[in-house]
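What follows is a single structure, written as structure tokens, with notes after it.
Just so you know, these numbers come straight off a predicted model, no measurement behind them. All values below were derived from every heavy atom in this structure, side-chain atoms included, with hydrogens, water molecules and symmetry-related copies excluded.
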Amino acid sequence: RARRHARFFALTRLPAGARVLDVGCGRIGLRALEPRLDITGVDLIERPDYPGPFVRADAAVGLPFGTDEFDLVYSSSVIEHVPPARRAAFAAEVRRVGRGWLVQTPAFSFPIEPHSLLPAAHWLPTRLRKPYWRLGAAREWEEISLLRRSEVEELFGPALPERLGPLVKSWVCVSPPGG
């Protein structure tokens, strides 16, 4: 994750003092990699131990921020957790509140499902995936739908590949503030 961050975050060309919104921040999110930035965390569940400003919100429903309020919206490994029918709303909200964005998501084409760490789990129909999922690292079932490059690009623009050898492990869309 640190290598990916170093490679792709530099493409954001953030100015000094930039304001960043970390959508799907989890317990620490981007703050673990960029502790000196002005970062506001957003997540679906309350994060009382989040080390900085935090807002509980669902980006697919709407964020309590003004248009272009942030220089950059950052979202790492989140969009695949958003139900497909709600992804366009999520993406529109990311693009609305940020002058730029960096969105990363695991690639559907990669043979290992990154949440369960099981081979081909994401390629199985749900009725087969559910029992197989319990064998993996995630243990508890979660409906996750990995995206193809075309799906990511439809939501966030051109996608860059993060590779593991010859395979694309994830897609990263970067739109620097100001284009």
Side-chain angles (χ1 to χ4, degrees), residues 1 4-5 8-9 11-12 14 18-34 37-47 50 52-110 113-116 121-122 126 129 138 140-162 168-179:
R1 185 173 174 188
R4 173 198 317 137
H5 178 75
F8 293 106
F9 204 77
L11 299 175
T12 65
L14 279 181
R19 293 191 65 217
V20 179
L21 183 66
D22 185 357
V23 176
C25 63
R27 280 184 247 121
I28 190 165
L30 181 60
R31 285 192 167 279
L33 300 166
E34 295 288 343
L37 287 179
D38 178 6
I39 300 170
T40 299
V42 169
D43 211 324
L44 289 173
I45 62 173
E46 201 59 53
R47 302 286 183 183
Y50 185 78
F54 175 83
V55 174
R56 182 176 177 216
D58 182 346
V61 174
L63 294 170
F65 305 111
T67 299
D68 292 339
E69 188 167 333
F70 293 88
D71 296 296
L72 184 80
V73 177
Y74 176 89
S75 183
S76 181
S77 293
V78 174
I79 190 72
E80 70 273 12
H81 297 269
V82 177
R86 299 178 69 209
R87 288 179 180 164
F90 178 96
E93 198 62 357
V94 164
R95 295 187 316 263
R96 181 186 72 79
V97 301
R99 289 189 287 283
W101 55 86
L102 186 155
V103 176
Q104 178 277 338
T105 188
F108 179 81
S109 59
F110 194 70
E113 198 291 324
H115 304 84
S116 66
H122 53 299
T126 303
R129 191 173 354 137
E140 292 201 24
W141 169 252
E142 181 183 355
E143 183 64 51
I144 295 171
S145 179
L146 301 185
L147 289 82
R148 292 168 174 82
R149 182 180 196 164
S150 61
E151 294 171 301
V152 176
E153 289 186 332
E154 187 175 310
L155 297 169
F156 300 105
L160 302 169
E162 176 194 13
V168 175
K169 184 176 179 278
S170 68
W171 297 110
V172 182
C173 298
V174 180
S175 178

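Smallest separation of non-hydrogen atoms from Thr105 and Ser170: O-CB, 3.1 Å. The shortest heavy-atom contact between Ile45 and Arg56 is CA-NE, 3.9 Å. Of all heavy-atom pairs spanning Arg149 and Ala159, the tightest one is NH2-O, 2.8 Å. Across Pro53 and Arg31, no two heavy atoms sit closer than the pair CD-NH2, 3.5 Å. Nearest approach of Asp71 to Ala18, heavy atoms of both residues: OD2-CA, 3.1 Å. Of all heavy-atom pairs spanning Pro161 and Phe8, the tightest one is O-CZ, 3.6 Å.
Between the CG atom in Leu30 and the CZ atom in Phe9 there is a gap of 5.0 Å [rounded to 0.5 Å]. Rounded to the nearest 0.5 Å, atoms CD (Glu153) and CG (Leu147) are 11.5 Å apart. Atom CZ of Arg95 and atom CG of Leu155 lie 7.0 Å apart (nearest 0.5 Å). Taking CG of Leu146 as the reference point, atom NE2 of His81 lies at 8.5 Å (rounded to 0.5 Å). With rounding to the nearest 0.5 angstrom, the CZ atom of Phe110 is 12.5 Å from the CH2 atom of Trp171. Separating the OG1 atom in Thr67 from the CZ atom in Arg99 is a distance of 11.0 Å, to the nearest 0.5 Å.
The salt bridge (Lys or Arg N to Asp or Glu O under 4.0 Å) test applied to Glu154 returns no partner, not counting sequence neighbours. Not counting sequence neighbours, the partners of Glu162 by the salt bridge (Lys or Arg N to Asp or Glu O under 4.0 Å) test are Arg4. For Arg148, there are no side chain to side chain donor-acceptor pair (under 3.5 Å) partners, not counting sequence neighbours. With sequence neighbours excluded, no residue forms a side chain to side chain donor-acceptor pair (under 3.5 Å) with Thr12. Applying the salt bridge (Lys or Arg N to Asp or Glu O under 4.0 Å) test to Arg19 and every residue at least two apart in sequence or in another chain returns Asp38, Glu69.
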(request) Go through Phe54 and Glu46 one step at a time and tell me if the side-chain contact (heavy atoms from CB on, under 4.5 Å) criterion holds. (result) CA-CA 9 Å; Phe54 175 83; Glu46 201 59 53; 3.5 Å; yes
(message) Could you walk me through whether Leu160 and Leu11 satisfy the side-chain contact (heavy atoms from CB on, under 4.5 Å) test, starting with their C-alpha distance in whole Å, then the side-chain angles of each, then the deciding distance to 0.1 Å, before giving a yes or no?
(response) CA-CA 11 Å; Leu160 302 169; Leu11 299 175; 3.5 Å; yes
(request) Might you work through the side-chain contact (heavy atoms from CB on, under 4.5 Å) test for His122 and His115, ending with a clear yes or no? (result) CA-CA 10 Å; His122 53 299; His115 304 84; over 6 Å; no
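At a threshold of 4.5 Å between non-hydrogen side-chain atoms, the residues Arg129 and Trp141 count as touching. For the pair Tyr74 and Leu33, the minimum side-chain heavy-atom distance is below 4.5 Å. Counting heavy atoms from C-beta outward, Ile39 and Tyr50 have side chains that approach closer than 4.5 Å. His5 places none of its side-chain heavy atoms less than 4.5 Å from the side chain of Ser76.
Checked by atom type and distance alone, the side chain of Asp22 never pairs as donor or acceptor with a backbone atom of Gly41 at under 3.5 Å. The backbone N or O of Val94 lies less than 3.5 Å from no partner atom in the side chain of Trp101, so there is not a single donor-acceptor pair.
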Name every donor-acceptor pair, under 3.5 Å, that has one atom in a side chain of residues 57-66 and the other anywhere in the protein, sequence neighbours excluded.
{"residue": "Asp58", "atom": "OD1", "partner": "Ala60", "partner atom": "N", "Å": "2.9"}
{"residue": "Asp58", "atom": "OD1", "partner": "Arg86", "partner atom": "NH2", "Å": "3.4"}
{"residue": "Asp58", "atom": "OD2", "partner": "Arg86", "partner atom": "NH2", "Å": "2.5"}

